[in-house]
2 protein chains.
Amino acid sequence: MPHALDDTFHALADPTRRAMLLRLSEGEQPIAALAQPFDMSLWGAAKHVRVLEQAGLVKCRKVGRSTLCSLRPGPLAQADQWLRQWERFWSSGLDRLEALVKADKENPR
Amino acid sequence: MPHALDDTFHALADPTRRAMLLRLSEGEQPIAALAQPFDMSLWGAAKHVRVLEQAGLVKCRKVGRSTLCSLRPGPLAQADQWLRQWERFWSSGLDRLEALVKADKENPR
DNA sequence: ACTATACTCAACCATTTGGTTGACTTGGAA
DNA sequence: TTCCAAGTCAACCAAATGGTTGAGTATAGT
C-alpha cells in the first residue's frame, strides 16, 4: 500500500495541478472552468483533476451535466505536518546544519 | 523553467527518498549508508540521491572515496510555506469549506 | 426536436521514472 | 603492490506520466 504522502506530493508536483488547487480555494468549480486557463484539452485537464481526486485533494460531485469540484484540504494538512518535521532545521533564523557543514569544510580537522 | 516546487514535491513523492531525508536528519551520511536499508542496488540509491540533490534538498561533497551527503532544508521550508497557504482551510478545527459544501448539499436552494 | 455544452472513453504517443546489470575508476588499507 | 570498497558510467527494461485526437453520451436551453 503506497503511502498517502506519495499521492499527495505527486499531485502537488505539477504546476497545472497546483494552479487548479489555487482556483478551487475560491470555491467550487466545474472541470471546464478549471481547464479554461490552461492551453490544454478538456480531457487533459480532467485527467489532472482525477489525479487530485485520487490523492483526496478534491472531491467531485455531479450536478446536471457539470462536475463540480471542491477543495479537500485534509491531505494538505498531512503533508504540512510531515514537512514540519524539519522545522527545527530552518526555524532558528539560519540553516544550522548547513552552517555546521560549512564550518567543517573550512576547518576540516 | 520549471518551478522549484515541482522538483521539491517530486523528490518528496517517493518513500525511499523521504526515508533518506529522515536518515540525513541524523547527520551527514555517505551514499552507501543511505542505500543500505533498502533492497536496492547502490546505483539505484545513488540515482535517488541525485534527484534529492537536483531538488536542492541535499548537498554532497566528496571525501576520499566516499560521497558525504547532508540535508539542505531550504526547499523544505519553501514547500512548507506554499502549503501553509491553505492553513485557513484546516486550522479552524474543521474543514470549513467541506462544511459549506455539505450544507449546500443538504439544502440545495 | 435540435443544438450546443460538459464530460467520458479508448487509443495512441513521446518522455520520464525507477529499477536492473556488468564493467570501470579511484581511494584506503593490508 | 594488491585487494576491497565506494561510486560512476552506459545500456537496458517495464511501467507510469502528460499529453493528444476522434468519437460517443447525456443534459440544458431554445
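Letters A, B, ... mirror the listed sequences (proteins, then strands); counts begin at 1.
Nucleotide D:dA6 holds its C1' atom 16 Å from the CZ atom of B:Arg61, rounded to whole Å. If you measure from atom CG of B:Leu68 to atom P of C:dG28, you get 12 Å, rounded to the nearest angstrom. One interatomic measurement links the two molecules: CZ of A:Arg50 to C1' of D:dA16, which rounds to 16 Å at whole-angstrom precision. Computed from coordinates, the B:Glu28 CD to D:dA6 C1' distance equals 16 Å when rounded to whole Å. One interatomic measurement links the two molecules: CE of B:Met40 to P of D:dA6, which rounds to 17 Å at whole-angstrom precision. When the C1' atom of C:dT17 is taken as reference, atom CG of A:Asp14 falls 15 Å away, rounded to whole Å. What separates CG of B:Leu42 from C1' of D:dT8 is a distance of 9 Å, to the nearest Å. Distance CZ (A:Phe38) to P (D:dG19): 10 Å, rounded to an integer number of Å.
Using modelled atom types, no side-chain atom of B:Arg72 and backbone atom of B:Gly56 make a donor-acceptor pair closer than 3.5 Å. With hydrogens and angles disregarded, no donor-acceptor distance shorter than 3.5 Å links the side chain of A:Arg23 to the backbone of A:Arg18.
Linking ILVMFWY side-chain heavy atoms closer than 4.5 Å, directly or via other members, places B:Leu5 and A:Phe38 in a single hydrophobic cluster. With hydrophobic clusters built from ILVMFWY side chains whose heavy atoms lie under 4.5 angstrom apart, B:Leu52 does not share a cluster with B:Trp43.
Contacts of A:Gly44 with the nucleic acid, taken as non-hydrogen atoms under 4.0 Å apart, include base atoms. The residue B:Ser41 sits close to a base: some heavy atom pair falls under 4.0 Å. Across all strands, B:Lys62 comes closer than 4.0 Å to no nucleic acid atom at all (heavy-atom distances). Within the 4.0 angstrom heavy-atom criterion, only backbone atoms of the sugar-phosphate kind lie near B:Ile31; the bases stay farther away.
Projected onto DNA chain C by closest heavy-atom contact, A:Ala33 and B:Ala13 fall at different nucleotides, the more 5' of which corresponds to A:Ala33. Between A:Trp43 and A:Ser66, the one whose closest nucleotide on DNA chain C sits nearer the 5' end is A:Ser66. The nearest heavy atom of DNA chain D to A:His10 and to B:Lys47 marks one nucleotide each, and the one closer to the 5' end goes with B:Lys47.
For A:Ala32, whose side chain is taken as the heavy atoms from C-beta onward, the closest listed nucleotide among C:dG19, D:dA6, C:dA6 is C:dA6.
Put simply, the residue from B:Leu83, B:Asp6, B:Thr8, B:Leu12 that forms a side-chain contact (heavy atoms from CB on, under 4.5 Å) with A:Leu12 is B:Leu83.
In terms of phosphate contacts, A:Arg65 brings no side-chain nitrogen or oxygen within less than 4.0 Å of OP1 or OP2 of D:dG29.
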